S.K.: 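Have a look at the structure that comes next, please.
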Amino acid sequence: VDDDENLPEEETIAVGGEKMWTTETTLKLINEVKDRKFEFENTMKKFIWIKIAETLSSQCNREFTAKNCETKWKSLKQTYKVVLEHNNSTGKNKRQWEFFTSMHDILFTKPEINPPATCSSYTGLKIRKPEPTSRSSTPSSTHSETNFQVRRKQKANAAEDRHKDKMARQDKFLALFEKL
């Protein structure tokens, strides 16, 4: 990540003088989680992490435990959330992260990352439109408008709608007042 402020610490454990979580092993972990995406919904996670640890251990000739894998996944997920939130909240200084695209493919459709609906006193109920199923693996920053620009337009439109409603109520009031 280019800007390290407010990012969780990446856990690197030295085993025999080598880092346990290299770029290669991290990508293998991400791919294993991606391959077992549906198992996480139907099986106890503990057993899935054990299988993932066994697979990584055999592929990388290092000893991985289920706890190592789960902890690294949580760290990756937290970093993804921080980068995504930063990039969606500002139009400048986009953060780059080498695992963003891979993590985005797995996590973007999760409701805890991208809620299907939000509600606030300012904007009211907003229901997210479902993404097309043939979604490309590139992050949303490649679209013609950034999320920041879209939100800015939505806020301006909401303010304009509130103004129109207020003016309509005022016109009704004045019409009633003239009748009296």
Side-chain angles (χ1 to χ4, degrees), residues 1-118 128-143 145-148 150-151:
V1 177
D2 292 340
D3 185 4
D4 290 338
E5 66 184 47
N6 300 323
L7 290 178
E9 292 289 322
E10 286 287 326
E11 187 176 325
T12 54
I13 301 171
V15 176
E18 293 183 31
K19 287 184 179 180
M20 177 179 276
W21 295 110
T22 63
T23 301
E24 179 186 347
T25 55
T26 303
L27 285 173
K28 286 183 180 186
L29 172 68
I30 293 169
N31 287 331
E32 283 297 315
V33 170
K34 186 176 184 177
D35 291 344
R36 299 171 191 272
K37 185 177 180 177
F38 297 108
E39 286 182 50
F40 276 100
E41 297 172 5
N42 302 320
T43 312
M44 286 184 60
K45 292 178 183 174
K46 174 182 172 182
F47 298 117
I48 301 168
W49 287 119
I50 291 170
K51 289 179 188 176
I52 289 173
E54 290 171 355
T55 304
L56 286 177
S57 295
S58 66
Q59 288 178 355
C60 301
N61 295 326
R62 292 190 188 131
E63 191 60 36
F64 289 93
T65 65
K67 187 69 177 168
N68 294 141
C69 296
E70 184 178 9
T71 302
K72 181 62 176 179
W73 178 253
K74 286 179 180 178
S75 174
L76 289 168
K77 192 173 174 180
Q78 182 61 34
T79 303
Y80 170 78
K81 287 179 185 179
V82 169
V83 172
L84 183 68
E85 184 177 322
H86 172 79
N87 289 348
N88 286 340
S89 66
T90 180
K92 298 180 183 177
N93 195 19
K94 294 283 186 189
R95 287 187 180 159
Q96 300 295 319
W97 182 46
E98 63 185 320
F99 306 116
F100 185 84
T101 304
S102 301
M103 295 294 290
H104 188 75
D105 290 342
I106 298 169
L107 296 176
F108 188 72
T109 57
K110 298 264 186 208
E112 64 268 20
I113 303 293
N114 191 11
T118 57
R128 175 175 46 100
K129 296 175 184 165
E131 295 284 324
T133 54
S134 62
R135 180 174 158 70
S136 68
S137 62
T138 57
S140 61
S141 63
T142 60
H143 293 257
E145 290 184 315
T146 64
N147 288 341
F148 178 74
V150 169
R151 273 200 312 278

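These numbers come from a predicted model, not from an experiment. Counting from 1, the numbers follow the sequence of the chain as shown.
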S.K.: Work out which heavy atom in A66 is nearest to a heavy atom in A53; give both atom names and the distance.
M.R.: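 Here A66 and A53 meet closest at N-CB, 3.6 Å.
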
S.K.: Once ring pair (Phe, Tyr, Trp, His ring centres under 6.0 Å) is applied, do any residues pair with F40, and if so which ones, sequence neighbours excluded?
M.R.: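 In terms of ring pair (Phe, Tyr, Trp, His ring centres under 6.0 Å), with neighbours along the sequence ignored, F40 is linked to W49.
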
S.K.: Quick one: do R62 and N68 satisfy side-chain contact (heavy atoms from CB on, under 4.5 Å)? Show the steps, please.
M.R.: CA-CA 12 Å; R62 292 190 188 131; N68 294 141; over 6 Å; no

S.K.: Would you say the rings of W73 and Y80 are close, in the sense that their centroids are separated by under 6.0 Å?
M.R.: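 No, too far apart.
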
S.K.: Quick one: pull up CZ in R36 and CG in N42 and give me the separation to the nearest 0.5 Å.
M.R.: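 One gets 14.0 Å once the value is rounded to the nearest 0.5 Å.
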
S.K.: Nearest 0.5 Å, please: how far is NZ in K37 from CD1 in I48?
M.R.: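 I48 CD1 to K37 NZ: 13.5 Å, rounded to 0.5 Å.
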
S.K.: So, taking the atom named NZ in K81 and the one named CG in L76, what distance separates them when rounded to the nearest 0.5 Å?
M.R.: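 One gets 12.5 Å once the value is rounded to the nearest 0.5 Å.
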
S.K.: Looking at residues at least two apart in the chain, or sitting in another chain, which of them share a salt bridge (charged side-chain N to carboxylate O under 4.0 Å, His left out) with K45?
M.R.: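 K45 satisfies salt bridge (charged side-chain N to carboxylate O under 4.0 Å, His left out) with no other residue.
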
S.K.: Show your reasoning for whether side-chain contact (heavy atoms from CB on, under 4.5 Å) applies to I52 and E39.
M.R.: CA-CA 11 Å; I52 289 173; E39 286 182 50; over 6 Å; no

S.K.: Mind checking the OG1-CE spacing from T79 to M103? Nearest 0.5 Å is all I need.
M.R.: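 Between atom OG1 of T79 and atom CE of M103 there are 8.0 Å.
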
S.K.: Quick check on side chain to side chain contact (heavy atoms under 4.5 Å, CB included): which of L29, T25, V33 does C69 satisfy it with?
M.R.: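 The passing option is L29.
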
S.K.: In Å, rounded to the nearest 0.5 Å, how long is the span from CG of N87 to CZ of R95?
M.R.: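 If I round to the nearest 0.5 Å, the distance is 7.5 Å.
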
S.K.: So, K28 and E32, do they make that salt bridge, N to O below 4.0 Å?
M.R.: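 Not counted as a salt bridge, because no side-chain N and carboxylate O are separated by less than 4.0 Å.
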
S.K.: What's the verdict on side-chain contact (heavy atoms from CB on, under 4.5 Å) for T71 and W21, showing C-alpha distance, side-chain angles and the deciding distance?
M.R.: CA-CA 11 Å; T71 302; W21 295 110; over 6 Å; no

S.K.: Less than 4.5 Å apart, side chain to side chain, heavy atoms only: is that true for K72 and F64?
M.R.: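 When only atoms from C-beta onward are counted, F64 and K72 do not touch, as no gap falls below 4.5 Å.
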
S.K.: Between the side chain of H86 and the main-chain N/O of N93, is any donor-acceptor distance below 3.5 Å?
M.R.: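 Yes: the side chain of H86 pairs with the backbone of N93.
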
S.K.: With rounding to the nearest 0.5 angstrom, report the CD1 to CG distance, I106 to N31.
M.R.: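 Output value for this atom pair is 7.0 Å.
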
S.K.: Please determine whether side-chain contact (heavy atoms from CB on, under 4.5 Å) holds for the pair T23 and F99, giving the CA-CA distance in whole Å, both sets of side-chain angles, and the decisive distance to 0.1 Å.
M.R.: CA-CA 9 Å; T23 301; F99 306 116; 4.0 Å; yes

